There are 2 protein chains.
Amino acid sequence: MENNSNHICLCPLEGIINIIAKKWAILIISIIGHHGKIRFNDIMQRLDGISPKTLADVLKNLQKENLIHRESFSEIPPRVEYSLTDDGKQLCEAVRPLIQWAEKRDSVDKHRCKGSCHDENVAPKRGTQQKNELIT
Amino acid sequence: MENNSNHICLCPLEGIINIIAKKWAILIISIIGHHGKIRFNDIMQRLDGISPKTLADVLKNLQKENLIHRESFSEIPPRVEYSLTDDGKQLCEAVRPLIQWAEKRDSVDKHRCKGSCHDENVAPKRGTQQKNELIT
DNA sequence: CTGTATCCCCAGAGATACTG
DNA sequence: CAGTATCTCTGGGGATACAG
């Protein structure tokens, strides 16, 4: 894994790709970062097409990496809220330029996501707390 | 809150993940971006462990996405130089924070690539410009 | 040197059903 | 609601050999 050359160290990247090179990881990080707190099913709805198993899988992986925080309430019905850890927030920040690049690239190409994903029902606005950090 | 300033549309990300979620794509983009021009075997050596098939595969994918430019010289022996397109450069820029995040995270976590490639800790060796900075 | 051509293999992603 | 439990199955990635 280590290249003995003196030029460039990609080792940290090798660590990172195990996180971000997961198909849904960045999406999920971004979604959670965008919402502050979000529940399992909310994530699943937003990621139209993901299966609970896959979502749980990625979620657990991200927890293991200390990127997201899982807070479960012992209620009926059960409620679990996912939020970003400090590390996760930093990752979310770091990923933002990427999203902007993708947006720009997408818009010049073909703007394939008009309407359908922009009218998502974000911000449940429960109570007074609706401040989403990470969202400038 | 999904207003102009802070709305994040994940749809473009769905397009992007097909690019960056490839195991080696970001690595290769970074490497090419770091070197300006680089040859097939040079990339392969830096990505210790990658097989020519995989590299060629990612490379072709990247070409298809107009992220890298392939310039082949009809020489003996043949020479091919890869460089970033304008889009690729932008991607490289967008990926930079990610790398920095990864570096930071790696260093606090567990120095998994100590010695061979993190030599900047050991004997800075004069104030001359070292080349092992990934992105400065 | 720069790739193709194969073959293999398993991790990851999907679907579905089920449980606490 | 929030996941697990299985099963499948594709395709990405690795290894090796070979070609232009």
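Computed from a predicted model, the values in this text were never measured in an experiment. Just so it is clear: chains get the letters A, B, ... in the order the sequence lines come, proteins before strands, and each one is counted from 1.
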Going by side-chain hydrogen bond (donor to acceptor under 3.5 Å, both in side chains), name the residues that satisfy it together with [X], two or more places apart in sequence or in a different chain.
X	value
B:E65	none
A:T85	none
B:D42	none
A:S83	none

Can you tell me how far [atom2] of [N] sits from [atom1] of [X], to the nearest Å?
X	N	atom1	atom2	result
B:E71	C:dT2	CD	C1'	15 Å
B:N61	C:dT4	CG	P	13 Å
B:R70	C:dG3	CZ	C1'	8 Å
B:I76	C:dG3	CD1	P	13 Å

Checklist entry - How does protein contact run along nucleotides 9-20 of chain C, one letter per nucleotide 5' to 3', with B for base contact, S for sugar-phosphate only, - for none, heavy atoms under 4.0 Å? => result ---SBBBB---B
Checklist entry - Counting any heavy atom closer than 4.0 Å, what does A:Y82 reach on the DNA or RNA strands: base, sugar-phosphate only, or nothing? => result sugar-phosphate
Checklist outcome for this item: Interatomic distance, CZ@B:R46 vs CG@B:L55, rounded to 0.5 Å, equals 13.0 Å
Could you work out, with side-chain contact (heavy atoms from CB on, under 4.5 Å) as the rule, every residue matching [X], not counting sequence neighbours?
X	result
B:V80	B:R70, B:S72, B:Y82
A:P78	none
B:A21	B:I17

Checklist entry - Any side-chain N or O of B:R39 under 4.0 Å from OP1/OP2 of C:dG3? => result no
Checklist entry - salt bridge (Lys or Arg N to Asp or Glu O under 4.0 Å) with B:R79: which residues, sequence neighbours excluded? => result B:E75, B:E81
Checklist entry - Going by heavy atoms in the side chains, are B:Q63 and B:H69 under 4.5 Å from each other? => result no
Checklist entry - To 10°, what angle do the rotation axes through the five end pairs on each side of the helix from C:dC1-D:dG20 to C:dG20-D:dC1 form? => result 50°
Item to check | DNA chain D: 5'-most and 3'-most nucleotides touching chain A, 4.0 angstrom heavy-atom criterion | outcome: D:dC1 to D:dT6
Next on the checklist: Within the 3.5 Å criterion, strictly below it, is a donor on A:D86 or A:Q90 matched to an acceptor on the partner's side chain?
Outcome noted: yes
